[in-house]
Structure formats: C-alpha cells, structure tokens
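Beneath this line is the structure, given in structure tokens, with notes to follow.
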Amino acid sequence: TSRRSAMIRYRITFSKSGPLRYISHLELQRVWSRVLLRAKIPLTYTQGFHPTIKMGVAWPLPLGWTGEAELIDFWFEFPTERGENPLPEELQARINRAAPGGLRATGLRTLEPYGHALTTVIDTADYLVEIDSADVPSDLSGRIEELLARPTIERTRRKRAYDLRGLIETIDPIGPNSLRTRMAARDSAMGRPDELLDELRIRPENAAYTRLKFNLLPGE
C-alpha cells in the first residue's frame with residue numbers, strides 16, 4: 001500500500017544578517033533548500049519536467065541590507081499513518097540546527113495549503129535607517145517634515161516615473177542618527193528607504209538599512 005501524507009503549508013519568519021546580507025534573493029532560496037534538506041524535513045515539489053522545492057518568497061531584500069523578520073512559505077509533506085506531524089517549535093529547532101550563520105528562524109505558523117500567495121498579502125514594510133554620524137544633517141527633523149508636506153515626489157526607477165510620496169506612510173526620527181519609516185510593499189508599489197534618504201538630501205550609500213518587518217493585510 002502507498003504511504004499517505006498530508007501537505008502542510010508553513011510560513012517561516014526569519015532573520016538574515018551577517019555574511020548572508022551579501023547573497024542574492026536567488027542564492028537565499030538555494031540556502032533555504034539546503035537547510036531544509038539537511039534538517040530532513042519532507043518537502044513538496046512542483047510538478048513538471050524540472051521539479052523544484054515548492055516555496056513562496058516575500059519581496060527581495062537588497063544586497064547589503066539586513067532583515068529582522070523576513071518571510072518565506074514552504075509546503076511540507078508528512079506521513080499521516082502515524083499522526084506524528086512535528087510541532088512548529090520542533091521544526092524551528094531543527095531548521096536552526098541546520099542553518100548557517102546569519103540565518104535564523106524566529107517563528108513558524110501553519111496556513112491553509114492553497115491560501116493566498118505571500119506577496120499578495122503584504123501591504124507595507126517597516127525599515128530602520130542608520131545614517132553615518134558624519135553625514136547626519138543638523139536639521140533632519142525639519143527635512144522630514146518638509147518632505148512629508150510635499151503632495152508628490154516625482155522620481156524615476158529603472159526608467160519608469162513614479163511618485164515616491166504615495167509610497168511613504170510614516171517617517172519618524174529615532175535618536176540622533178536614525179529614522180524608522182513605513183513604506184508600501186506591494187507588487188505595483190514598492191517603497192525603498194534609500195530613495196527616501198536621497199530625497200532628504202542625504203547620501204544613500206552612507207547609511208545601513210534593516211527591514212524590521214512586513215505588515216500583512218487585515219485577516220492575514
């Protein structure tokens with residue numbers, strides 16, 4: 001008789017830091033695949049001539065940026081005859097034992113296998129921007145107020161014009177050289193804090209960026 005199994009979708013919250021800041025989005029997916037195989041977690045694969053591990057990834061993190069609560073979905077396939085599906089806490093521990101430095105699972109939760117794709121339920125993202133002390137303007141708060149008062153902020157990204165102001169929800173100075181901002185993180189509207197810094201007349205390359213978390217749509 002064939003073994004019966006249950007497909008369970010897990011949403012993993014994880015941090016990406018240290019040397020992993022400098023790997024691409026595609027490389028990160030490969031790292032995750034190796035981690036889960038090393039942790040001996042039975043994975044679901046796509047159909048077709050070239051099956052790949054079934055996963056749902058959130059929006060990419062630019063090279064050099066860190067992430068404190070990134071998100072990724074996987075579909076695990078556990079045998080059902082013994083009724084021994086591991087608890088999320090056990091899976092999280094197995095993942096972290098197999099993970100390289102700079103990658104750490106901080107939470108797992110189960111979802112409906114065929115629910116909404118991850119990128120369709122992300123609404124905004126929160127970022128921490130830490131500016132080099134030598135590059136912090138004395139009138140940072142004033143520049144932020146001035147920026148938020150502008151009805152539109154026309155910019156070009158990849159030769160396409162867009163309005164940055166519509167992508168900014170909040171900007172809050174925290175401390176002498178840091179700010180926190182909430183920006184749109186949707187398919188057709190993706191705010192980037194380095195572009196915001198450019199509009200504040202601060203060189204974007206003179207800052208460190210951390211994506212603190214994604215904010216999902218209500219009910220997700």
Side-chain angles (χ1 to χ4, degrees), residues 2-122 125-128 185 187 190 192 194 208-216 220:
S2 61
R3 295 178 69 196
R4 297 178 62 191
S5 61
M7 185 171 67
I8 304 174
R9 180 184 179 190
Y10 286 89
R11 179 158 295 160
I12 303 173
T13 304
F14 67 97
S15 59
K16 180 191 179 194
S17 60
L20 288 192
R21 286 182 300 157
Y22 300 104
I23 69 168
S24 71
H25 192 53
L26 186 59
E27 289 170 322
L28 180 66
Q29 293 175 49
R30 294 194 190 106
V31 169
W32 264 113
S33 298
R34 289 196 295 269
V35 167
L36 295 174
L37 291 170
R38 198 178 300 141
K40 295 183 167 54
I41 294 173
L43 297 161
T44 301
Y45 286 78
T46 60
Q47 304 296 312
F49 290 108
H50 302 287
T52 57
I53 292 171
K54 185 174 171 62
M55 68 176 78
V57 295
W59 304 118
L61 196 62
L63 285 182
W65 296 20
T66 56
E68 285 192 357
E70 298 294 288
L71 297 173
I72 192 166
D73 289 357
F74 284 99
W75 285 256
F76 300 162
E77 203 144 334
F78 294 107
T80 57
E81 63 265 21
R82 295 191 306 273
E84 295 177 355
N85 294 343
L87 294 170
E89 295 83 1
E90 181 191 334
L91 285 172
Q92 183 176 325
R94 284 165 63 177
I95 288 168
N96 284 333
R97 284 195 294 270
L103 182 70
R104 183 166 183 80
T106 56
L108 269 81
R109 68 184 183 102
T110 58
L111 300 171
E112 290 296 320
Y114 303 105
H116 296 119
L118 177 53
T119 50
T120 67
V121 300
I122 297 173
D126 291 0
Y127 298 92
L128 174 66
D187 189 23
M190 181 64 63
R192 287 186 53 130
D194 52 344
Y209 303 90
T210 301
R211 186 155 61 196
L212 300 171
K213 64 172 182 171
F214 287 113
N215 303 294
L216 306 187
E220 296 293 337

Can you tell me how far [atom2] of [Y] sits from [atom1] of [X], rounded to the nearest 0.5 angstrom?
X	Y	atom1	atom2	result
Phe214	Leu71	CZ	CG	6.0 Å
Thr44	Phe76	OG1	CZ	9.0 Å
Met55	Ile72	CE	CD1	5.5 Å
Asp126	Asn215	CG	CG	4.5 Å
Lys213	Leu128	NZ	CG	13.5 Å

Worksheet entry | By side-chain contact (heavy atoms from CB on, under 4.5 Å) - contacts of Thr119 (at least two apart) | Trp59
Worksheet entry | By ring-ring contact (aromatic ring centres under 6.0 Å, His included) - contacts of Tyr209 (at least two apart) | Trp65
Worksheet item: According to the salt bridge (charged side-chain N to carboxylate O under 4.0 Å, His left out) rule, which pairs have a member within residues 13-34, sequence neighbours left out?
Response: none
Worksheet item: Quick one: salt bridge (charged side-chain N to carboxylate O under 4.0 Å, His left out) pairs with a partner in residues 50-72, sequence neighbours left out?
Response: Glu70-Arg211
Worksheet item: Any sub-3.5 Å donor-acceptor pair from Arg9's side-chain atoms to Asp73's backbone N or O?
Response: no
Discussion item. One pair to check against side-chain contact (heavy atoms from CB on, under 4.5 Å): Ile41 and Ile95. What are the steps and the verdict?
Written reply: CA-CA 9 Å; Ile41 294 173; Ile95 288 168; 3.8 Å; yes
Practice prompt. Scan residues 28-51 for pairs that pass ring-ring contact (aromatic ring centres under 6.0 Å, His included), counting only residues two or more places apart or in two chains.
Written response: Phe14-Trp32, Trp32-Phe74
Discussion item. When you compare the side chains of Ser17 and Thr66, does any donor N or O come within less than 3.5 Å of an acceptor on the partner?
Written reply: no
Which atom of [X] lies closest to which atom of [Y], heavy atoms considered:
X	Y	answer
Leu61	Gly67	CD2-N, 3.5 Å
Trp75	Gly56	CZ3-N, 3.7 Å
Pro51	Thr46	CB-O, 3.3 Å

Using residues 97-116 as the side-chain source, report each donor-acceptor pair under 3.5 Å to any protein atom, sequence neighbours left out, with the distance given to one decimal.
{"residue": "Thr106", "atom": "OG1", "partner": "Thr13", "partner atom": "O", "Å": "3.2"}
{"residue": "Arg109", "atom": "NH2", "partner": "Glu220", "partner atom": "O", "Å": "2.7"}
{"residue": "His116", "atom": "ND1", "partner": "Glu220", "partner atom": "OE2", "Å": "3.1"}

Item to complete: Apply side-chain contact (heavy atoms from CB on, under 4.5 Å) to the pair Asp187 and Thr120, showing each step before the final yes or no.
Response: CA-CA 8 Å; Asp187 189 23; Thr120 67; over 6 Å; no
